Participant: 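This is the structure I want to talk about, given as structure tokens.
Only a predicted model underlies this, so the values are computations on that prediction, with no experimental measurement involved. In this chain, residues are counted from 1 in sequence order.
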Amino acid sequence: MVLQGKNNFSILQEQFMKATFTIIINFITICSIYSQSDTIDLPLITVTENRSSLYSIGNQNQIIDSTLIAENQIISLAELATKYTDIFINTYGPGLLNTSTARGTGSGHTAVLWNGFNIQNSMNGVVDFSLVPIGLFDKITIDLGGTGALFGSGAVGSTIHLNSHKKLKSGWGGRLLFGGGSFGNFSQQA
């Protein structure tokens, strides 16, 4: 009796081809897995942009640099703004509320941002400029005009950016500032 179909040699040849194909595929897979282990870790890069610089074309910007701040560390933001900026400070008396007016807008239309965080009073929407000491900041930038609306709260008059990027050293430290003036005007900061 003669069997129809494949003989033993062709069956062995098929099995050999399947085994060879499987070995080749496994070899390629293992090589690709090991080749992926040679990766290079790149350092993290952060790219940031200030929104006000993108939209402030034609607006007036004032920058109070660190040397002027270092000379006037003991005074308040109200005194600094009165002396060196175009912002008008409404002073209601010594020890009372000092608010700002810029470009004909009210005090609620001036945003005061400390490192991007709005420090306006949540109850009345204004900042008492006499309570903000200058010695805490490295750079003060004033944007006059409508770019303040980028930071919310309807700040269409101006925006005051108070930036403090001081690097703290390890260990303990401190700083004391004392100031004095006429009529018994004394101030201190620790």
Participant: With H161 as reference, evaluate D143, T141, N61 under the side chain to side chain donor-acceptor pair (under 3.5 Å) test and give the passing residue.
Facilitator: D143

Participant: Are I64 and F88 connected in a single hydrophobic cluster, I mean Ile/Leu/Val/Met/Phe/Trp/Tyr linked by side-chain heavy atoms less than 4.5 Å apart?
Facilitator: no

Participant: Please determine whether residues V132 and L97 belong to a single hydrophobic cluster, defined as Ile, Leu, Val, Met, Phe, Trp and Tyr linked transitively by side-chain heavy-atom distances below 4.5 Å.
Facilitator: no

Participant: What's the separation between atom CD1 in I23 and atom CD1 in I25, rounded to the nearest 0.5 Å?
Facilitator: 11.5 Å

Participant: So how far is it from E71 CD to L80 CG, rounded to the nearest 0.5 Å?
Facilitator: 11.0 Å

Participant: Do you know the tightest heavy-atom contact between K18 and T22?
Facilitator: O-OG1, 2.8 Å

Participant: Taking atom OG1 of T82 and atom CG of N90, what is their separation to the nearest 0.5 Å?
Facilitator: 9.5 Å

Participant: Answer yes or no: is there a side-chain heavy-atom contact under 4.5 Å between I160 and I140?
Facilitator: yes

Participant: For A78 and I89, work out which heavy atoms get closest and say how close.
Facilitator: O-CG1, 3.8 Å

Participant: Quick check: is F117 connected to L162 through a chain of hydrophobic side chains (ILVMFWY, heavy atoms under 4.5 Å apart)?
Facilitator: yes

Participant: For the atom pair CD1 (I69) and CD1 (I134), what is the distance rounded to the nearest 0.5 Å?
Facilitator: 6.5 Å

Participant: Side chains of S130 and S76: donor-acceptor distance under 3.5 Å anywhere?
Facilitator: no

Participant: Find the distance between CD (Q120) and OG1 (T110) and round it off to the nearest 0.5 Å.
Facilitator: 8.0 Å

Participant: Minimum heavy-atom separation for N118 and L113, please, with both atom names.
Facilitator: CA-CD2, 3.6 Å

Participant: Could you walk me through whether L77 and F137 pass the side chain to side chain contact (heavy atoms under 4.5 Å, CB included) check?
Facilitator: CA-CA 10 Å; L77 184 58; F137 311 111; over 6 Å; no

Participant: Between CD1 of I87 and CD1 of I142, what distance do you get to the nearest 0.5 Å?
Facilitator: 4.0 Å

Participant: Can you check whether S164's main-chain N or O pairs, donor with acceptor, with N115's side chain at less than 3.5 Å?
Facilitator: yes

Participant: Determine the minimum heavy-atom distance between L144 and A102, stating which atoms define it.
Facilitator: CD2-CB, 4.0 Å

Participant: Hydrophobic clusters here meaning ILVMFWY residues chained together by side-chain heavy-atom distances under 4.5 Å, can you tell me if L131 and V112 are in one?
Facilitator: no

Participant: Using the rule that Ile, Leu, Val, Met, Phe, Trp and Tyr join whenever any side-chain heavy atoms are under 4.5 Å apart, tell me whether V127 and Y92 fall into a single cluster.
Facilitator: no

